[in-house]
Amino acid sequence: MSDLLANLNEEQLRAVTLPPQHALILAGAGSGKTRVLTTRIAWLVQTGQAAPQQILAVTFTNKAAKEMLARLAAMLPMNAARTARSMWVGTFHGLCNRLLRAHHRDAGLLQLFQILDSADQLAAIKRLLKALNVDDQKFPPRELQHFINANKEAGLRAHAVEAWDDFTRRRVELYREYEQQCEREGVVDFAELLLRTYELLERNEPLRRHYQERFRHVLVDEFQDTNRLQYRWLKLLANDGREGGACLFCVGDDDQSIYRFRGAEVGNMRDFEREFRVGSVVRLEQNYRSHGNILEAANAIIVRNSGRMGKNLWTDQGAGEPIRVFEAFSDGDEARWIVEEIQSLVRDGASRADVALLYRSNAQSRILEHQLFSAGIPYRVYGGLRFFERQEIKHALAYLRLIANPDDDTAFMRVVNFPTRGIGARSQEVLQDAARTWNSSLYAAVPHLSGKAGTVLAQFVSLMEAMRRDTTALTLPELVDHVLDVSGLRNHYRNEKEGQERLENLDELINAASNFTAEMASEAQTLAQPHALLSDFLAHASLEAGDHQADVGADAVQLMTVHSAKGLEFDVVFLSGLEEGLFPHENSTMEREGLEEERRLMYVAVTRARQRLYLSFSQSRMLHGQARYNLPSRFLEEIPEGLTRWLSPKRPRGGAGAGSSGSGSAPSARAPVPAAPATLPGGWRVGQLVRHARFGQGVIIDARGGGADAQIQVNFGDSGIKWLLLSVAKLDAC
DNA sequence: ATTCTTTAGTTTTTT
DNA sequence: ACTAAAGAAT
């Protein structure tokens, strides 16, 4: 017990030992957030205030859930398996899946309902549009997918959506058709998991009461990332803060909310504070991660945002090194410089794994990878395809899904002609028409067909029937193995020249099935229905797509987007591409909300660094096959000058206009901007930084005409991109 | 059914 | 510049 609370600082201790009441913990970057959350749970259990089964902990990723369970197992004197079983720890989606399986009848679902991941959902929508003969130019599937998900996340079924124009009315109709299609096929998408559970609990009072009374404590991690529906879901369990509901313990950081684009509502934090009358918000402001200069820079950046809940990180670690800033002439130059810097760090004894290269968008990784590769520096990139998202795995899973549920049309379409068995587009069309006529699934429509299409499809159906029959007595890994052979998938990839890796992945799927079976066995549940374990395995595959492709353990430099760096920390961080239009991204600068999210993203990036932070930008950059000339990011100017050290000749500051460095003075060793045309009349050149009396600072990005008509195009950032007549415009070199 | 050609769209991502 | 996906030709 004293062990548990030892080494907590004053605020952490206060948060951990709060009396049972609704609580909001504002936890800054590196302030020991996860530690507080897990210690709180352990403390509740150890002091006898709550039994493990009275606790529900919600995270956003499976990784975070696993980590929390591992830490709890180490803190609590009970074996890990028991903790895992009696305490509900998981993602919103994982927990909803568990609830819906337990109460599938009340929720109006098959016991073996399947879960569509985003790609499956998109495929289902495309299939729907095709069946209804809808022009997918007018109704792009992706847009419709977003429309449906956004409405579900707002808690709205198709009948409840208000439509004021024809376009929306049609989309609502398609939403309704989509709902019916999912219903018919016995499948549920991600948003549906949440909405179904919400409606189930709302509608079914005894059930709601049961869970409200069971879960005395609900703890939420990354609360700033919750969407509206998730918040309503929590409110339901807490009985809106009235008697008989759970206590909500929400931990989050409004300054690290970077998922607005996918529905996260930072406003939930304030709403929670108000609606649940959270008396005093506990602020964790001592940072144990970064040196003083880095923190000060982060604070200076984030303070410019409006509507913050307010928080100022501090450290007792001392100022540390200055933040290093570098201006390159081209993106290639920037990458080369980063690589040189890494080489010298490694020479000085740094471990490559402690160095991270961060960027705003994935497109920027290519050039960095290229330079790292040429220099022979091991690196790993986060963000590739994940295991369960691979083509061969999705194919195998589709066969498995068809065994569990023949009405799953998405799975049917995926494998009906893969490997090819002579069921081409025409046969598939005939079948889809028949399914519509008979109002049945594709599988069930096959017997109604005659002719050539009927014959080949009947063969496919009997293949599936045989698969189902022959696997009832098999263990899950045996079943998977059997299906890989009988379906012809193995054979197909054996004959493909690049198929070796895919074959290995298929074997890995059998492995995954073995591991899953072992985990389930330790929870000692007996499943009466054949293929019930299969169904659980499929849910697992949808909900947990596996780790991103990267070899763990190797001493390699880490490359990732700022988004995926959230929650991680490194001794040395390079943040590249700090340019207007890139970071902040041009699509975000139109509205204040968007810009502030970019600023939070910048805040997240800066606070990843423990000891050393490099910021770099480039005068020119190849993007979509064209050279772009960007201004330095406004975020650079938001860092107080005293905290930085420029490794390249410093440019004048935007506001001050006091600079004296010559116009674009290039260190002689560096090559000039590639693709920069010859000097223009008046000595101007593309890529040059200029100042206009009205528009402020800008970069010359193009030129046309000659003599008296010569014009230049200048990117003034905020003030836009303008064509100016050289003979008229009053421009100063910066 | 396979292969070649054209076209559109390239911020961030988990479940 | 590059890719993935849809369309057209074989």
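Being a predicted model, the structure only gives us computed values, none of them experimental. In what follows, chains are A, B, ... by sequence order, proteins preceding strands, each numbered from 1.
What separates CG of A:L122 from C1' of B:dG9 is a distance of 14 Å, to the nearest Å. Counting to the nearest Å, the P atom of B:dT15 and the CD atom of A:Q145 are 16 Å from each other. Protein atom CG of A:L568 is 11 Å distant from nucleotide atom P of B:dT14, rounded to whole Å. Rounded to whole Å, the distance from CZ on A:R142 to C1' on B:dT11 is 14 Å. To the nearest angstrom, P of B:dT13 lies 20 Å from CG of A:L543. We find that CE of A:M602 is positioned 16 Å from C1' of B:dT12, with the value rounded to whole Å. The distance between atom CG of A:N495 and atom C1' of B:dT2, rounded to the nearest whole Å, is 16 Å. Distance CG (A:D189) to C1' (B:dT14): 14 Å, rounded to an integer number of Å.
Considering only the side chain of A:T61, B:dT15 comes nearest among B:dT10, B:dT13, B:dT15. Closest approach to the A:Y259 side chain among B:dT15, B:dT11, B:dT13 is made by B:dT13 (side chain taken as heavy atoms from C-beta onward). Which of B:dT15, B:dT11, B:dT13 sits closest to the side chain of A:R386 comes down to B:dT15. Proximity note for A:F190 (side chain, C-beta onward) versus B:dT13, B:dT10, B:dT15: the nearest is B:dT15. Looking at the side chain of A:T91, the nearest of the listed nucleotides B:dT13, B:dT11, B:dT15 is B:dT15.
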Next on the checklist: Generate the contact string for nucleotides 2-9 of chain C. Rules: B means base contact, S means sugar-phosphate contact only, - means no protein heavy atom under 4.0 Å.
Outcome noted: SS--S---
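Remark: the A:R101 side chain and the A:N97 side chain contain an N/O donor-acceptor pair separated by less than 3.5 Å. For the residue pair A:Q558 and A:Y382, a side-chain donor N or O sits within less than 3.5 Å of a side-chain acceptor on the partner. Inspection of the A:T226 and A:N268 side chains reveals an N or O donor paired with an N or O acceptor under 3.5 Å. Side-chain polar atoms of A:Q256 and A:Q224 form no donor-acceptor pair below 3.5 angstrom.
Among the protein residues, A:F60 comes within range of the sugar-phosphate backbone only, with heavy atoms under 4.0 Å from sugar or phosphate atoms but none that close to a base. As judged by a 4.0 angstrom heavy-atom cut-off over every strand, A:N362 is placed among residues touching the sugar-phosphate backbone only. A:S118 comes within contact range of at least one nucleobase, with a heavy-atom separation under 4.0 Å.
Residue A:H563 is the one, among A:E544 and A:H563, whose nearest nucleotide of DNA chain B lies closer to the 5' end (criterion: closest heavy atom).
Under the rule for a side-chain contact (heavy atoms from CB on, under 4.5 Å), the partners of A:M413 that lie at least two apart in sequence or sit in another chain are A:R127, A:Q428, A:Q432, A:L442.
Contact check, A:N62 against B:dT14: no side-chain N or O comes under 4.0 Å of OP1 or OP2. Residue A:S564 places none of its side-chain N or O atoms closer than 4.0 Å to OP1 or OP2 of B:dT12.
A salt bridge does not link A:D253 to A:K33: none of the charged nitrogens lies less than 4.0 Å from a carboxylate oxygen. Between A:D136 and A:K126 there is no salt bridge, since no side-chain nitrogen of the basic residue lies less than 4.0 Å from a carboxylate oxygen of the acidic one. For the pair A:R232 and A:E153, the salt-bridge criterion is not met [side-chain N within less than 4.0 Å of a carboxylate O].
For A:Y493 and A:H395, the distance between ring centers is not under 6.0 angstrom. Ring-centre distance between A:Y198 and A:F92: not below the 6.0 Å cut-off.
Applying the 5.5 angstrom centroid cut-off and the 30 degree plane-angle cut-off, the aromatic ring of A:H93 is not stacked upon the base of B:dT15.
The stretch residues 414-426 of chain A touches DNA chain B through A:N417, A:T420, A:G422, A:I423, A:G424, each having a heavy atom under 4.0 angstrom from the strand.
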